[in-house]
Amino acid sequence: MLAQGGGGEAGVTVPDPERKAPPKLANAVDTVLGIVGWAGTAAGVAGVLITGTMMAVSMKRGEGSEHMSRLGMVLGGCVLVATAGPIITFVFQPAGEE
């Protein structure tokens with residue numbers, strides 16, 4: 001698709017490429033994003049389990065520590081991983097699409 005130059009020389013056409021990725025590239029990117037999303041979820045679950053284990057061991061020993069702040073950071077990371085896709089879709093949604 002070509003667009004006519006508005007303010008430049010008369011008769012000059014400016015290329016206006018489609019805003020759609022080639023199918024092979026889109027499939028590869030979807031695969032990579034799926035793997036990264038899965039790894040982020042697995043890391044979040046592991047972080048919660050490790051933090052819970054550390055809290056249990058500290059309580060048994062009678063030690064006081066600040067595991068709740070660590071648990072909050074892990075849960076915040078889990079929320080960020082879970083909402084990354086919808087946030088990016090909302091921010092970069094083309095005008096006119098709903």
Side-chain angles (χ1 to χ4, degrees):
M1 183 183 267
L2 295 175
Q4 293 291 339
E9 297 180 29
V12 174
T13 55
V14 178
D16 186 17
E18 290 185 31
R19 295 183 182 198
K20 189 172 182 180
K24 286 185 178 180
L25 178 62
N27 289 338
V29 170
D30 285 344
T31 301
V32 170
L33 289 176
I35 291 170
V36 170
W38 179 86
T41 302
V45 170
V48 170
L49 291 174
I50 291 169
T51 303
T53 303
M54 291 175 68
M55 288 173 72
V57 169
S58 291
M59 291 296 284
K60 182 170 175 122
R61 290 182 180 173
E63 298 172 356
S65 60
E66 298 182 13
H67 293 293
M68 290 305 288
S69 64
R70 184 175 298 159
L71 181 62
M73 290 190 307
V74 168
L75 293 176
C78 291
V79 169
L80 184 61
V81 167
T83 60
I87 289 171
I88 296 301
T89 300
F90 174 76
V91 171
F92 292 106
Q93 185 176 21
E97 286 186 24
E98 292 184 16

Q: If you round to the nearest 0.5 Å, how far is CG of L80 from CE of M73?
A: 13.5 Å
Q: Given V74, which partner from the list V45, I50, V48 fulfils the side chain to side chain contact (heavy atoms under 4.5 Å, CB included) test?
A: V48
Q: V29 pairs by side chain to side chain contact (heavy atoms under 4.5 Å, CB included) with which of L33, T31, N27?
A: L33
Q: Write down the atom of C78, the atom of G44, and the distance for their closest heavy-atom approach.
A: SG-CA, 3.5 Å
Q: Shortest non-hydrogen contact from T41 to V81?
A: N-CG1, 4.1 Å
Q: With the 4.5 Å side-chain cut-off for hydrophobic clustering, are F90 and I87 part of the same group?
A: yes
Q: Could you grab the distance from atom CG of L25 to atom CG of D30, nearest 0.5 Å is fine?
A: 9.5 Å
